[in-house]
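Single-structure report; data block below.
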Amino acid sequence: RCADAKRPTKTSPSSGPPSLQTTASSSIIPLPKSHIHRTPSELQLADDMRRAEYDDVRMYARLVVGMQSQIQRECLENGGVVHPLSQKSLQGVVKTKQA
């Protein structure tokens, strides 16, 4: 990281012959968000990304709820028996989301 880098500096004349000495750089000072002005395209991109994430979460929820409903219906109709592929599909969707 640039902030952690040491840079050479000349020592003062009173300390003897000129040589290089390393000193630590100052730490990074974070700026408040109000001081960072975004372009319209950056704001639009951030909004688009938030919307896409929201849509992904909604679609995932709809998919899982639909699959769970289908498995429950299947279970009731078949006397407590659920097709193994139905359960495996639901587990695959949940596992994919967790990755």
Side-chain angles (χ1 to χ4, degrees):
R1 290 178 29 198
C2 293
D4 295 336
K6 294 185 179 215
R7 52 186 152 166
T9 58
K10 290 185 179 181
T11 59
S12 65
S14 62
S15 65
S19 63
L20 295 178
Q21 178 182 350
T22 57
T23 58
S25 299
S26 62
S27 61
I28 296 172
I29 301 171
L31 293 175
K33 290 187 186 240
S34 62
H35 288 90
I36 301 172
H37 299 287
R38 301 287 182 204
T39 64
S41 61
E42 287 176 314
L43 295 172
Q44 183 65 49
L45 177 62
D47 286 343
D48 291 347
M49 289 175 65
R50 275 191 295 274
R51 179 63 187 199
E53 181 64 28
Y54 175 76
D55 290 345
D56 284 349
V57 169
R58 284 190 57 206
M59 183 57 71
Y60 173 77
R62 289 179 65 192
L63 182 64
V64 170
V65 167
M67 292 176 81
Q68 287 174 334
S69 298
Q70 181 179 354
I71 288 171
Q72 287 175 348
R73 186 174 50 251
E74 204 177 294
C75 185
L76 292 173
E77 292 171 355
N78 297 328
V81 177
V82 177
H83 196 283
L85 290 179
S86 297
Q87 192 67 28
K88 187 176 180 181
S89 294
L90 179 58
Q91 289 170 347
V93 169
V94 172
K95 185 177 178 182
T96 300
K97 181 67 175 180
Q98 292 171 350

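These figures come from a predicted structure and were not determined experimentally.
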Query raised in the report: Can you name the closest pair of heavy atoms from Cys75 and Val82 and give their distance?
Result: CB-CG2, 3.7 Å

Query raised in the report: Quick one: side chain to side chain contact (heavy atoms under 4.5 Å, CB included) partners of Leu76, sequence neighbours excluded?
Result: none

Query - Test item: Val94 and Gln98 side chains (from C-beta on) under 4.5 Å apart, heavy atoms - result: yes

Query raised in the report: Transitively linked via ILVMFWY side-chain contacts under 4.5 Å: Val93 with Val57?
Result: no

Requested in this report: I would like to know whether Arg50 and Asp47 meet salt bridge (Lys or Arg N to Asp or Glu O under 4.0 Å); could you show each step before the answer?
Outcome: CA-CA 5 Å; Arg50 275 191 295 274; Asp47 286 343; 2.4 Å; yes

**Report entry** side chain to side chain contact (heavy atoms under 4.5 Å, CB included) between Tyr60 and Thr96, intermediate numbers included
**Finding:** CA-CA 10 Å; Tyr60 173 77; Thr96 300; over 6 Å; no

Query raised in the report: In Å, rounded to the nearest 0.5 Å, how long is the span from CG of Leu63 to CZ of Arg58?
Result: 13.5 Å

Report task. Would you name the heavy atoms of Leu90 and Met67 that are closest together and state the gap between them? Result -> N-CE, 3.3 Å

Query raised in the report: What closest approach, in Å, do His37 and Glu42 show between heavy atoms, and which atom pair accounts for it?
Result: O-OE1, 4.4 Å

Report summary line: One should read off an interatomic distance between Gln87 CD and Gln68 CD, to the nearest 0.5 angstrom, of 9.5 Å

Report summary line: Separation between NZ (Lys95) and NZ (Lys88), nearest 0.5 Å, reads 10.0 Å

Report summary line: dist Ser89:OG -> Gln70:CD (nearest 0.5 Å) comes out at 8.5 Å

Query raised in the report: Would a distance-only check, ignoring hydrogens and angles, find a side-chain to backbone donor-acceptor pair under 3.5 Å from Glu74 to His83?
Result: yes

